[in-house]
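For reference, the structure is listed below as structure tokens.
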Amino acid sequence: MSAKRKILFISTLALGLLTLMVVVLVTLSFRDYGIASAKEKSKLTAELVRDALTAHMINGVMDKREYFLDKITRSENVKKMWLVRAPSVEAQFGPSLYGESMRDAIDRKVLEEGKASEILKESAKEVTLRVTIPYIADSKGLPNCLSCHEAKEGEVLGAISMIFDIDSFRSTGLSTTLKILAAATALLLLTVYLVGRLITPYTELFEAFRKSLHHAEEGDFTHKVSTPLKDEMGELAKWLNSLTEKLHQVVSDIDRRISILIAYNKNQYNSNPLIRTKEIIGELADVYKFRRNIELLDKKEEVYDNITAIFLYKLNLKRFTIIQVQNGIEELIYPRNEEEAGSTLLQFSAQYVHAIPLYRDSANNVFSGYMPKENEYYINASFAISPSVLWQLSFAFDQYKEYERAKNLVSVIYNYLDAAKAILHTRMLMEMLKESSLRDPLTGLYNRKFLEEYIESATHQALRSKTTYAILMIDVDFFKMVNDTYGHDVGDQVISGLSNIIQNTIREADLAVRFGGEEFIVLLYNSAPEGAERVAQKIRSRFSEMVFEVNHERFSKTLSVGISMFPEDGPTVWRVIKFADIALYKAKESGRNQVVRFHSSMLPDGFNY
């Protein structure tokens, strides 16, 4: 029920009840008025009869009294009237000749008690009032009753009973009541009509308020309130319109500005802009907190771990891979190995760009989705960390609803990656700078500085895991002659050629270092002495077969190699490197172009291990 109908209903009900109460009160008042009038008339009639009978008796015309009584009986509203003599009066004057004796118990009771009796009888046909009034002996009144009657003061001498017809009062009351009811009904209808006309603008305004606030609750602040009212309610409507217009401008501006700070897919958030803004600001705060956390991390691997933790625990993405492509080289960032990733997901990640549909979400992010068969769904997205570094992310799902949910999360994924982008790029640059400071710019091999940082940790790790290393100390024979004869550029060619041979000969687990000038150190991981000697001989042989050409002149060079074993020959890697250098010196003393294995006999007397 509308507010207007409620108000009209309540107003009508209240006025109707008020009208009913007035009618009832008027009806009861007329009834009471009729009864009171009949009672008053009975008292006057009783006094009139008493005085008249006394006058008749004094004047000796008692035979004329019937005429008088008949005259009174025929008066308006009196149906019956009779007189009753008390026993004391009959004893004094004898029985009445006119039947003035008790007719019923009411007469007897009045004569005995000396109190008037009133009895009202109502029926559908008539309304009557029976009134019986006693005559009391009184010497002080006019006339003096004791002057004629032999009675005591206050004794009951008789009574008069009258029956009045007061139906006319009821008829008059009913007629008056109907007139009042008609007038009240007309007034009621007029009042309801006027109230309706009066409150209609207000109820319409309230309804407009309700609709406007309902739209505002749903996030629509464009709904305006219109009203013809010019009073305070009209001003209230203007204020509400002004408020909703400002809210619309503020929410739109916030929505626009947030879209600058963070990309988001509207399908992911509530359609109500207020709630959506709250959710997006919450997401923005989470991204900001994530960025602040990873800013404190020193290593890019730690940043990787934080990103994967967001995917796993915040976004609830359980199966995914992150492949980093840098200068055409792919590196599996997550998971750590291909077995954990799964061959199917890796295959999809590698081949997703071929014949797989692309999607563009509301945040303008482009990604691909693929459903090769039932209960097998994939999403792939690319993100550029830097101009030379690309991340390729692949997600796998076994339920379609999870696949659809993840499609709406692409913008969130990009937001976290975007927050980490600069930090990752910085960490990568720092590692590249550090890496460049630890590598020889000519050969690309690690330099002596790296070896100094690496040796200590490598020694502890090797001792814990009982790992062995074979140390090769390599030196180009008569290298100074090359620089002096052909120049340093040719000398660099010789060094580069040796570097390539070393890298192509050793394993990936082995470590090659340009120790300085024409000297190289190679750490062969878990190599036996025989295997180390084979590698050394292979390097020596291949280098001796290398031909260098300068200004149509061709020449070749040879190597000398010293070998020592860790921990067999010494307790530390540095000590073993020293022993390899001693073996190298021995090789040069023995004629060069040879490989010499360290032996303790090469040490000078008194050398302390």
Side-chain angles (χ1 to χ4, degrees), residues 262-270 276 279-280 282-291 293-294 297 300-325 330-353 356-385 389-421 423-424:
I262 186 172
Y264 61 90
N265 186 343
K266 289 187 177 181
N267 295 331
Q268 179 193 350
Y269 300 100
N270 196 290
R276 182 173 68 246
E279 293 174 346
I280 294 175
E283 187 67 45
L284 183 62
D286 290 343
V287 173
Y288 176 76
K289 183 188 294 185
F290 166 77
R291 181 186 176 91
N293 289 338
I294 63 176
L297 304 177
K300 65 181 182 181
E301 288 77 15
E302 295 175 327
V303 179
Y304 296 161
D305 292 340
N306 275 262
I307 293 174
T308 55
I310 289 292
F311 291 174
L312 287 169
Y313 306 115
K314 179 175 176 58
L315 305 183
N316 199 27
L317 301 168
K318 301 304 182 184
R319 292 174 55 205
F320 62 92
T321 62
I322 302 175
I323 297 176
Q324 180 172 287
V325 183
E330 294 186 355
E331 178 187 357
L332 185 61
I333 301 298
Y334 181 87
R336 300 296 185 185
N337 55 68
E338 295 185 3
E339 289 75 14
E340 292 182 26
S343 59
T344 305
L345 184 53
L346 284 174
Q347 182 181 7
F348 167 73
S349 177
Q351 301 177 355
Y352 82 100
V353 293
I356 294 178
L358 295 177
Y359 299 95
R360 187 183 296 273
D361 64 9
S362 60
N364 211 32
N365 298 308
V366 179
F367 60 98
S368 65
Y370 187 47
M371 295 171 283
K373 59 183 180 180
E374 188 177 0
N375 297 330
E376 189 177 330
Y377 311 95
Y378 299 97
I379 289 178
N380 205 309
S382 297
F383 186 84
I385 301 296
V389 180
L390 179 70
W391 269 24
Q392 184 174 299
L393 302 97
S394 300
F395 303 89
F397 313 93
D398 54 10
Q399 293 184 8
Y400 182 74
K401 64 178 182 180
E402 285 298 307
Y403 167 74
E404 286 293 318
R405 183 184 72 88
K407 284 171 62 176
N408 291 328
L409 289 176
V410 170
S411 60
V412 180
I413 294 171
Y414 278 121
N415 286 330
Y416 279 100
L417 293 178
D418 194 58
K421 177 179 178 179
I423 298 167
L424 271 176

Minimum heavy-atom separation for [X] to [Y], with atom names?
{"X": "Leu312", "Y": "Lys318", "value": "O-NZ, 3.1 Å"}
{"X": "Val287", "Y": "Asn415", "value": "CG1-O, 3.9 Å"}
{"X": "Ile294", "Y": "Ala419", "value": "CD1-O, 4.3 Å"}

Under 4.5 Å between any side-chain heavy atoms of [X] and [Y], yes or no?
{"X": "Ile322", "Y": "Gln324", "result": "no"}
{"X": "Lys314", "Y": "Asp286", "result": "yes"}
{"X": "Asn306", "Y": "Phe290", "result": "yes"}
{"X": "Leu317", "Y": "Ile413", "result": "yes"}
{"X": "Ser382", "Y": "Leu393", "result": "no"}

Partner residues of Lys289 under the side-chain hydrogen bond (donor to acceptor under 3.5 Å, both in side chains) criterion, sequence neighbours left out: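 Not a single residue meets the side-chain hydrogen bond (donor to acceptor under 3.5 Å, both in side chains) criterion with Lys289.
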Quick one: side-chain contact (heavy atoms from CB on, under 4.5 Å) partners of Asp398, sequence neighbours excluded?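 Expected list: none.
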With sequence neighbours left out, the residues meeting side-chain contact (heavy atoms from CB on, under 4.5 Å) with Asp305 are Arg336
Kindly indicate, with the supporting measurements, whether the criterion ring pair (Phe, Tyr, Trp, His ring centres under 6.0 Å) is fulfilled by Tyr334 and Trp391. CA-CA 11 Å; Tyr334 181 87; Trp391 269 24; over 10 Å; no
Has the side chain of Tyr288 got a donor or acceptor atom that lies under 3.5 Å from a matching backbone atom of Glu283?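 No, the answer is negative, given that no donor and acceptor are paired below the 3.5 Å cut-off.
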Determine whether a donor-acceptor pair (N or O, by modelled atom type, separation under 3.5 Å) exists between the side chain of Arg319 and the backbone of Ala396. no
Excluding sequence neighbours, so at least two apart, what forms salt bridge (Lys or Arg N to Asp or Glu O under 4.0 Å) with Glu302?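 With neighbours one apart ignored, the set is empty.
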My understanding is that only residues two or more places apart in sequence, or in another chain, count here; which of them pass salt bridge (Lys or Arg N to Asp or Glu O under 4.0 Å) with Lys421? none
Distance, nearest 0.5 Å, that separates OH of Tyr313 from OG1 of Thr308: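 So the OH of Tyr313 and the OG1 of Thr308 are separated by 8.0 Å.
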Measure up the Phe320 and Phe311 rings against each other and bin them: parallel (under 30°), tilted (30 to 60°), perpendicular (over 60°).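 The arrangement is perpendicular - the two ring planes meet at more than 60°.
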Apply salt bridge (charged side-chain N to carboxylate O under 4.0 Å, His left out) to the pair Lys407 and Glu404, showing each step before the final yes or no. CA-CA 5 Å; Lys407 284 171 62 176; Glu404 286 293 318; 3.5 Å; yes
Step by step, would you call Val389 with Leu424 a side-chain contact (heavy atoms from CB on, under 4.5 Å)? CA-CA 10 Å; Val389 180; Leu424 271 176; over 6 Å; no
Listed partners of Phe397 passing ring-ring contact (aromatic ring centres under 6.0 Å, His included), at least two apart: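 Scan of Phe397 (ring-ring contact (aromatic ring centres under 6.0 Å, His included), adjacent residues dropped) gives none.
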Between Glu331 and Ile333, is a side-chain contact (heavy atoms from CB on, under 4.5 Å) present by the stated rule, with each step listed? CA-CA 6 Å; Glu331 178 187 357; Ile333 301 298; 3.9 Å; yes
Do the side chains of Arg405 and Glu402 get close enough for a salt bridge, i.e. N-O under 4.0 angstrom? yes
